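It should be emphasised that the depicted structure is a prediction, and the values quoted were computed from it without experimental measurement. Each residue takes its place number in the sequence, starting with 1.
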Amino acid sequence: MTNEKTITFDEVDRHDVQDPHHDGLVITLYIANHFVRRIHVDRGSSINIILLDALKRMNIPESEIVTRSSMLIGFSGETKNTIGEIKLPIYIEGVNFVQCFCVIETLSSYNVILARPWIHEMMSVPSIYHQRGKMPTPWGTVKIIGDQL
């Protein structure tokens, strides 16, 4: 992709971080031609998730969802069945790529959870301490700034 091999964070990356904090990394991205807020970047999750309500607000019809029910198991053992899967394009600073999401119908503080599949495919390096994510592109390293508020 890029000749730059090293992604680093320093104190300059923290200039607008509100301290003290124990916040997760919550970002806004352009998904399927819509700005989607309240996206949680979760290094502990193994699948990307999007809420059915978020798809409805994006005017994406339920017919786009491939019906495939799976059971998700949470940290404390609670379970939730998915409605299905959907592939959606995500655009970040000149890079357009498609990600697969499991669709769930539930109440959540987040519209989307981007997990290890997205982190690995994008070679993204999230830092909750710096409230940033960085990823390589053909044009250099791109910063994704967290929405701490």
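Neither Ile113 nor Val103 shares a network with the other; the hydrophobic side chains, linked directly or stepwise wherever heavy atoms of I, L, V, M, F, W or Y lie under 4.5 Å apart, form separate groups for each. Side-chain heavy atoms closer than 4.5 Å link hydrophobic residues (I, L, V, M, F, W, Y) into clusters, and following such links, possibly through other members, connects Ile27 to Ile31. Grouping the Ile, Leu, Val, Met, Phe, Trp and Tyr side chains by contacts below 4.5 angstrom, directly or via other members, places Val112 with Met122. Follow the hydrophobic side-chain contacts under 4.5 Å out from Leu29 and you reach Met135 in the same cluster. Ile119 is connected to Ile90 through a chain of hydrophobic side-chain contacts under 4.5 Å among Ile, Leu, Val, Met, Phe, Trp and Tyr, so both are in one cluster.
The structure places CD1 of Ile86 at 11.5 Å from SG of Cys102, a figure rounded to the nearest 0.5 Å. A distance of 7.0 Å separates NZ in Lys134 from OG1 in Thr141, rounded to the nearest 0.5 Å. From Ile92, atom CD1 reaches atom CD1 of Ile144 across 4.0 Å, with rounding to the nearest 0.5 Å. Considering CD of Gln148 and CD of Gln131, their distance stands at 4.5 Å, rounded to 0.5 Å.
Between Ile7 and Pro136, the shortest heavy-atom contact is CD1-CD, 3.7 Å. In terms of heavy atoms, Gly133 sits closest to Leu25 at N-CD2, 4.2 Å. Contact between Ile128 and Asp23 at its shortest, heavy atoms only, is CB-O, 3.7 Å.
The side chain to side chain contact (heavy atoms under 4.5 Å, CB included) test applied to Asp147 returns Thr28, not counting sequence neighbours. Residues satisfying the salt bridge (Lys or Arg N to Asp or Glu O under 4.0 Å) criterion with Glu11, sequence neighbours excluded, are Arg14. Remark: Asp10 pairs with no residue by the salt bridge (Lys or Arg N to Asp or Glu O under 4.0 Å) rule, at least two apart or across chains.
With Glu121 contributing its side chain and Trp118 its backbone, the two residues share no donor-acceptor pair below 3.5 Å.
Proximity of Val17 to Tyr129: side-chain heavy atoms (C-beta onward) are nowhere separated by under 4.5 Å. The shortest distance between side-chain heavy atoms of Val95 and Pro138 falls below 4.5 Å.
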Side-chain polar contacts of residues 51-70 - donor-acceptor pairs under 3.5 angstrom, sequence neighbours left out - could you list them?
residue : atom : partner : partner atom : Å
Arg57   : NH2  : Asn111  : OD1          : 2.4
Arg68   : NH1  : Glu85   : OE1          : 2.7
Ser69   : OG   : Thr82   : O            : 3.4

Pair up each side-chain donor or acceptor in residues 36-49 with any protein partner under 3.5 Å, not counting sequence neighbours, and list the distances.
residue : atom : partner : partner atom : Å
Arg38   : NE   : Ser109  : O            : 2.8
Asp42   : OD1  : Gly44   : N            : 2.9
Asp42   : OD2  : Ser45   : OG           : 2.6
Asn48   : OD1  : Ala115  : N            : 2.8
Asn48   : ND2  : Gln99   : OE1          : 2.8
Asn48   : ND2  : Cys100  : O            : 3.3

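Through chains of ILVMFWY side-chain contacts below 4.5 Å, Phe35 is grouped with Tyr30, Tyr91.
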